[in-house]
2 protein chains.
Amino acid sequence: MINDRQKKLARYAKALGHPVRVYVLQTLSLQSCCYSGDLTEILPIAKSTLSQHLKELKDAGLIQGETEAPRVKYCINKQNWEEAKELLKTFFEL
Amino acid sequence: MINDRQKKLARYAKALGHPVRVYVLQTLSLQSCCYSGDLTEILPIAKSTLSQHLKELKDAGLIQGETEAPRVKYCINKQNWEEAKELLKTFFEL
DNA sequence: ATAACTGTTCGTAATATTGCGAACAAATAT
DNA sequence: ATATTTGTTCGCAATATTACGAACAGTTAT
């Protein structure tokens, strides 16, 4: 009934469905990577809350985190990022 | 901190964050308008549930409903649809 | 007038989301 | 060895989302 592309699109859109996550993705896509601490300094939310948002973006596949002890470097997951882009592009150009 | 474009983008993305709503928008953008009954027949959800999803899309500004008694004709809200498209396009092309 | 049709609203329930602070884990610095 | 730094996880609370059926409202058919 509802196909896989539609489900995937909804999944990615859902991940984009919060201002903080939009901000994080925008930051990452501009500078490719950043430490979560950089975001904590700027964003007016508790670090635990940011951590949750980062987890959601990771679960959705849009970012990936790499431990560079004691910090964690987050980057865009390029492959899935491109997939999301393609899905949305096609969606809006029907 | 987080600007209006980011908030708007998140709002539209949130509306797109469910498979049923993606399906509805895709259907509407393909045939421009449709009656909610057409969707009820196809989608495996209760009509009250569909009504809620339609309300959310309407609240997000992506669709608009017009009563053609006893039915309701739903159409894409072109202006906001274009805005969402532009916001997402810019977002992914940073 | 009554029945049928279309869709919304209401009440309810289960689950998910958002947010915080405290506690924790792991590595580094003192 | 102890303290500091960085970030996650836990526990909690408030609110939002998703879903359903029943009841309702408005229009059209009988």
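Heavy-atom basis, side chains included; hydrogens, waters and symmetry copies ignored. Values in this document were obtained by computation on a predicted structure and should not be read as measured data.
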Handout entry: Spacing of A:Lys55 atom NZ relative to D:dG7 atom P, expressed in whole Å
Key = 17 Å
Problem - Whole angstrom value for the distance that separates C1' of D:dT6 from CD of A:Glu41 - result: 12 Å
Practice task
Describe the nucleic acid contact of B:Lys73 in one word from base, sugar-phosphate, nothing, applying a heavy-atom distance below 4.0 Å.
Solution key: nothing
Exercise for the section: Return yes if the base of C:dG21 and the side-chain atoms of A:Ser48 contain a donor-acceptor N/O pair under 3.5 Å, otherwise no. Expected result: yes
Exercise for the section: Select base, sugar-phosphate, or nothing to describe what A:Leu50 touches, counting heavy atoms under 4.0 Å on all strands. Expected result: nothing
Fill in the blank from the handout: Rounded to whole Å, the NE2-P distance (B:His18 to D:dA19) equals 4 Å
Practice task
Return the value, rounded to whole Å, for the distance between atom NZ of B:Lys47 and atom C1' of C:dG7.
Solution key: 6 Å
Completion exercise
Regarding the side chain of B:Pro70, the nearest nucleotide among C:dC5, D:dT6, C:dG7 is C:dC5
Fill in the blank from the handout: Closest non-hydrogen contact found for B:Gln6 with B:Met1 is OE1-O, 4.3 Å
Practice task
Identify whether any heavy atom of B:Glu56 sits under 4.0 Å from a base atom; if not, whether one sits that close to sugar-phosphate; answer base, sugar-phosphate or nothing.
Solution key: sugar-phosphate
Problem - Selection from C:dG7, D:dG7, D:dG21 that lies nearest to any side-chain heavy atom of A:Tyr35 - result: D:dG7
Exercise for the section: Run the salt-bridge test on B:Glu82 and B:Lys89 with the 4.0 Å N-O cut-off and return the result as yes or no. Expected result: no
